[in-house]
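Just so we're on the same page: letters track the sequence lines, and every chain starts at 1. Just so it is clear, the structure is predicted and the values come from calculations on it, not from any experiment. For the numbers below, each heavy atom of this structure counts, side chains included, while hydrogens, waters and symmetry mates do not.
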Number of protein chains: 2
Amino acid sequence: MSRKRATSHEVAKRAGVSRTTVSFVLNNVEANISKETRQRVLQAAKELDYVPDAAARMLASRQTRTLGLVIFDAIHLQVDAFISKVLYSLTEVSREHDFRVIVEAVEDLGRDDAYLSLVQAKQIDGLIVLNPRSDDSQLPRLIDEGFPLVLVGKIKHPGAYCVYHKSAVREAVTHLISLGHERIAHITYAPIAYRSADSRLRNYRRALAEAGINADEKLIRYGNYTAQSGYEAMNSLLAAKLRPTAVFAGNDTIAIGAMSAIHRHGLRIPEDIAIVGYDDIPVAPFTIPPLSTVRTPALMQGRLAGEMLIKLLQGEKPARPQIMLETELLIRESCGAKLADSQLNRVLS
Amino acid sequence: MSRKRATSHEVAKRAGVSRTTVSFVLNNVEANISKETRQRVLQAAKELDYVPDAAARMLASRQTRTLGLVIFDAIHLQVDAFISKVLYSLTEVSREHDFRVIVEAVEDLGRDDAYLSLVQAKQIDGLIVLNPRSDDSQLPRLIDEGFPLVLVGKIKHPGAYCVYHKSAVREAVTHLISLGHERIAHITYAPIAYRSADSRLRNYRRALAEAGINADEKLIRYGNYTAQSGYEAMNSLLAAKLRPTAVFAGNDTIAIGAMSAIHRHGLRIPEDIAIVGYDDIPVAPFTIPPLSTVRTPALMQGRLAGEMLIKLLQGEKPARPQIMLETELLIRESCGAKLADSQLNRVLS
DNA sequence: TTGAAAGCGCTAACAA
DNA sequence: TTGTTAGCGCTTTCAA
């Protein structure tokens, strides 16, 4: 603040060269500059504690070296570790490549133009879009215009660059079915306007259908992003005439709320009701009993998306425009598979 | 990308005025501009889909309308909901005041100049610093220079603007003591270089000392940011000759790891070992048994810090440069207070 | 009430 | 190998 910062002009004067030379040296331009001159410039810059003015540089060079991270339904940021992880790995990648990150939290689609103005004002070079929503009309337009943009997640758009993970919902539900369950409930972890909550719901239905099981709509509950909503949803499920024998929870937070409800009803997990979550939050292995869940490659998604975007900005076309990462169903104790195993062993031995 | 954006010059031409007038109208400058002219300018801007170039505006106006959020020990971002909450509320405040947020994650103090270059390059107008570290030498300097900066947390520096919360460690530990515990263990939730982990440890020692209890160093364990470390620390505590009767965990994630270990040892919570956490993460009310913990005003801290910084940037001096927010000890079941109550009731009735 | 003109600090084509 | 020069698109003082 206080002390006025040096300009490239002053550096040039001190080094006895022109501003052009200063610019070339500091930007490592391929112009042949003698080692000696280069040394002198570097020295002068250091002595004056010179750091180029970002705004001036952006204006002149027409690039900002800044990435925008657009977070849809940002309220989930408070509880959804997936978002934080993507942010974390994106800041890492950005640092490695000397980029900055502007976070643009989008609250509701009504006012979704905040992130648009970021590109219109040319304040960023490219965008990472987290939890993209299919009902967002701006996104496809941006993509069609060829604006550098990588999705973490997926929308139906052929030309979109994206890094998503394979849904393991089917695996999770099928696993429950293989354990003998037919009355499998589902609790969403957000209103279904939230795209990935919706997709989990749809995949749940599909898995059931594939197994020839009639999805009973009475076994579906809609949670929000709180554990409390999982708790309440489970209570309502337990109050019904025909109880589920298993629950596929939209995420781990919901699962933990549900487990608490089951426990309070005096029922055992997994003997009376089996449960599987999603996300593998840090505490999942330590719930009582340990929660079977699906591990999601959040960090890797953030990293790959960042790298893809930066590659795009450098004018390279990424080898694979759409990257699908694997997910992993982690079988712990809440689903009852291990229990089933040990019973089986007992019978066999 | 594709289509070239309109400049203020074109807007001026279309509206039949000068660029000055366009600038005045769009920035609501107090120059008396006729309603009619203003209308025409607005109309032209709209027709051309004009959005001022951010870099040019920054360069000319000498302000960026961008805030920097510096996150120390950013690896915690993945698991520490406190950070995400502050980020969330800061993006909210920023949006309300038409500011952007650049997130600068600081990994280790060695390379802490990344956020410094943000201010040197004048890429931001002010800084919010999350989890400031006392051993960071740059921070005091920045503050002394009068750079607009608000801490979320605290360091020992008289002139610093900050929003922190009252430690409730003492309350938590004292509560455990009042329940009759003397062998109270502590597990940190991060290496003690992490300032707030260290402060929790120190306050734990102080609370014990105040109650005339000799802090037994053998009852202290150092966790990292994982639940796993809490699990392991608890196991090591349980393996010792003299077991603790209560645990004050550095945060809820640690607490949940510890609870799992206690459970696996066949011990009951809180009857055999009582436990109190810190942070009140979303699942805390739903652990088995529900976790007693301390609720922290993360969202409010982010909001107040943001508002304070923006006020500072507007040249106003905030009424209170240092704001301390209250925290709340939430007594649920893991600490045994309710159990004690009910036993008491039984005796009395 | 509006316009002319001088920067803001840098990059980069072109010339030397 | 280095310097001259012309912008980049906007704000803002000053004059009209």
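If you measure from atom CG of B/Leu59 to atom P of D/dT11, you get 11 Å, rounded to the nearest angstrom. In this structure, CD of A/Glu36 is placed 12 Å from P of D/dT1, rounded to the nearest angstrom. As a whole-Å value, the separation of B/Met58 CE from C/dG7 C1' is 19 Å. Across the protein-nucleic acid pair, B/Leu26 atom CG and D/dG9 atom P stand 16 Å apart, rounded to whole Å. For the pair A/Lys35 NZ and D/dT2 P, the interatomic distance rounds to 14 Å; values are reported in whole Å. Between the CG atom of B/Asp53 and the C1' atom of D/dG7 there is a distance of 14 Å, given to the nearest Å. Between the NE2 atom of A/His9 and the P atom of C/dG7 there is a distance of 13 Å, rounded to whole Å.
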Could you give me the CA-CA distance, side-chain angles and deciding distance for B/Thr21 and B/Ser18, then say whether side chain to side chain donor-acceptor pair (under 3.5 Å) is met?
CA-CA 5 Å; B/Thr21 307; B/Ser18 75; 3.3 Å; yes
Evaluate the criterion side-chain contact (heavy atoms from CB on, under 4.5 Å) for residue pair A/Thr37 and A/Val25; output intermediate values, then yes/no.
CA-CA 9 Å; A/Thr37 312; A/Val25 170; 5.6 Å; no
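Remark: B/Thr37 is in phosphate contact with C/dT2, judged by side-chain N or O atoms under 4.0 Å from OP1 or OP2. For C/dG9, the OP1/OP2 oxygens have a side-chain nitrogen or oxygen of B/Arg62 closer than 4.0 Å.
The side-chain contact (heavy atoms from CB on, under 4.5 Å) test with B/Phe99 is passed by exactly one of B/Thr66, B/Leu313, B/Thr91: B/Leu313.
Each of C/dT1, D/dT4, C/dG3 was ranked by its minimum atom distance to the side chain of B/Ser34; first place goes to C/dT1.
For A/Asp80, the side chain to side chain contact (heavy atoms under 4.5 Å, CB included) test picks out A/His76, A/Phe82, A/Ile83, A/Tyr189, A/Tyr194, A/Asp279, with sequence neighbours left out. A/Arg303 meets the salt bridge (charged side-chain N to carboxylate O under 4.0 Å, His left out) test with A/Glu92, A/Glu96, A/Glu307; sequence neighbours excluded.
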Going 5' to 3' along nucleotides 11-16 of chain C, which nucleotides have protein heavy atoms under 4.0 Å from the base (write B), which only from the sugar-phosphate (write S), and which from neither (write -)?
SBB---
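Nearest heavy atoms, A/Gly68 versus A/Ile124: N-CG2, 3.7 Å.
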